[in-house]
**Q** 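What follows is a structure written as structure tokens; I'll ask about it next.
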2 protein chains.
Amino acid sequence: MAGVQAPSPDLAGEITGQLLDIGYALRQRLDAEVARLGLTPATARALSELDPDRPSPARDLALQLDCDRSNVTPLVDRLEEAGLVERRVDPEDRRVKTLVVTEAGRRMQARLHRVLAECGAILGDLDEAELRVLRDALAKVAIPQ
Amino acid sequence: MAGVQAPSPDLAGEITGQLLDIGYALRQRLDAEVARLGLTPATARALSELDPDRPSPARDLALQLDCDRSNVTPLVDRLEEAGLVERRVDPEDRRVKTLVVTEAGRRMQARLHRVLAECGAILGDLDEAELRVLRDALAKVAIPQ
DNA sequence: TATTGTTATACTCTATAACTATA
DNA sequence: TATAGTTATAGAGTATAACAATA
């Protein structure tokens with residue numbers, strides 16, 4: 001629209017809009033798949049954050065999810081009801097409850113990972129080279145913590 | 001990690017993860033800015049969808065937001081309370097309520113648009129050429145409706 | 001009968017504050 | 001007193017079902 005060589009001041013805004021739209025669409029699709037696995041978006045995200053090989057306190061999960069500790073309680077409640085996670089009192093500090101991913105939890109994590117890759121189908125119109133360009137460009141986007 | 005020339009089967013999944021993370025971070029930042037303008041994320045999105053030059057039925061807004069009509073009612077309630085939108089009964093079909101963006105609504109839309117561009121600051125590490133590459137790659141991503 | 005907008009209701013997500021049990 | 005987890009509560013967002021007014 002503006003001059004061809006002019007540095008388009010709105011380019012960043014345009015890309016921001018694209019990223020928001022795509023992120024939204026991706027989220028929609030992912031949430032639908034996750035629901036078919038019997039999980040809500042938030043519980044799926046919580047389970048994805050847990051390292052099956054390194055049980056950690058609920059407090060750490062709150063940090064990873066960037067939310068209040070009080071929110072973690074109902075999330076872990078549901079994961080525990082579903083048999084995907086176990087709460088264990090830490091013998092060294094009985095205030096702490098360690099979150100352990102069960103075998104069923106590991107299998108669900110694998111399923112979630114697969115779903116994520118499948119949702120990448122919206123990238124279907126890009127060939128291998130274009131995908132690499134896109135990945136490298138996205139890697140340069142500074143994500144504020 | 002795999003062979004250099006091998007078509008990485010996980011590339012799409014990796015990019016999907018990047019897009020989700022960036023989309024989430026963008027959303028967080030945007031929501032915070034929007035809150036400073038006195039709007040919730042959903043009302044801001046609703047206002048952004050409205051064309052100030054083409055008043056349309058509430059039903060159309062539900063379609064644009066891809067949500068149920070019943071959700072539109074409280075959103076428009078708040079936009080109307082804030083003086084940003086007006087409901088007008090359509091004389092040609094008295095069932096329909098047309099949503100009109102007020103002058104204050106137009107100014108808020110402009111502010112929202114500016115906020116979107118400012119959130120593009122997370123793209124700061126990319127130069128003009130890289131931004132163009134990114135934009136063109138994102139344009140090829142097929143957004144499912 | 002069908003459609004527009006609304007109301008009623010429910011569930012999820014997230015935030016703050018107060019509580020308990022440990023330390 | 002400080003911290004980990006919980007409970008209570010509230011607001012926002014979104015879904016379904018039922019309703020009134022209108023077509």
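Lettering follows sequence order; numbering is per chain, from 1. Just so it is clear, the model here is predicted, and its values are computed rather than measured.
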**Q** What integer distance in Å separates A/R69:CZ from C/dA21:P?
**A** 16 Å
**Q** Taking atom C1' of C/dG5 as reference, at what distance in whole Å does atom CG of B/D77 sit?
**A** 11 Å
**Q** How close or far is atom P of C/dT4 from atom CG of B/N71, stated in whole angstroms?
**A** 16 Å
**Q** So, are B/R132 and B/E128 salt-bridged, with charged N and O less than 4.0 Å apart?
**A** yes
**Q** Does A/R78 pair with A/E81 as a salt bridge, N-O distance under 4.0 Å?
**A** no
**Q** Please give, in whole Å, the distance from C/dA15 P to A/L75 CG?
**A** 11 Å
**Q** Can you find an N or O donor on one side and an acceptor on the other, under 3.5 Å apart, linking the side chain of A/S70 with the base of C/dT16?
**A** yes
**Q** Report the distance from atom CG of B/D68 to atom P of C/dA10, rounded to the nearest whole Å.
**A** 17 Å
**Q** Thinking salt bridges, do A/D53 and A/R106 make one under a 4.0 Å N-O criterion?
**A** yes
**Q** Indicate, yes or no, whether a donor-acceptor pair under 3.5 Å links the base of C/dG5 to the side chain of B/R95.
**A** no
**Q** Of B/R87 and A/E92, whose closest DNA chain C nucleotide lies nearer the 5' terminus?
**A** B/R87
**Q** Quick check on DNA chain C: between A/P74 and A/D90, whose nearest nucleotide comes earlier from the 5' end?
**A** A/P74
**Q** In whole Å, what is the span from the CZ atom of B/R59 to the P atom of D/dA21?
**A** 22 Å
**Q** Please report the distance, rounded to the nearest Å, between CZ in B/R45 and C1' in D/dT14.
**A** 12 Å
**Q** Is the CG atom of A/D66 crowded by more than 12 outside heavy atoms at less than 6.0 Å?
**A** no
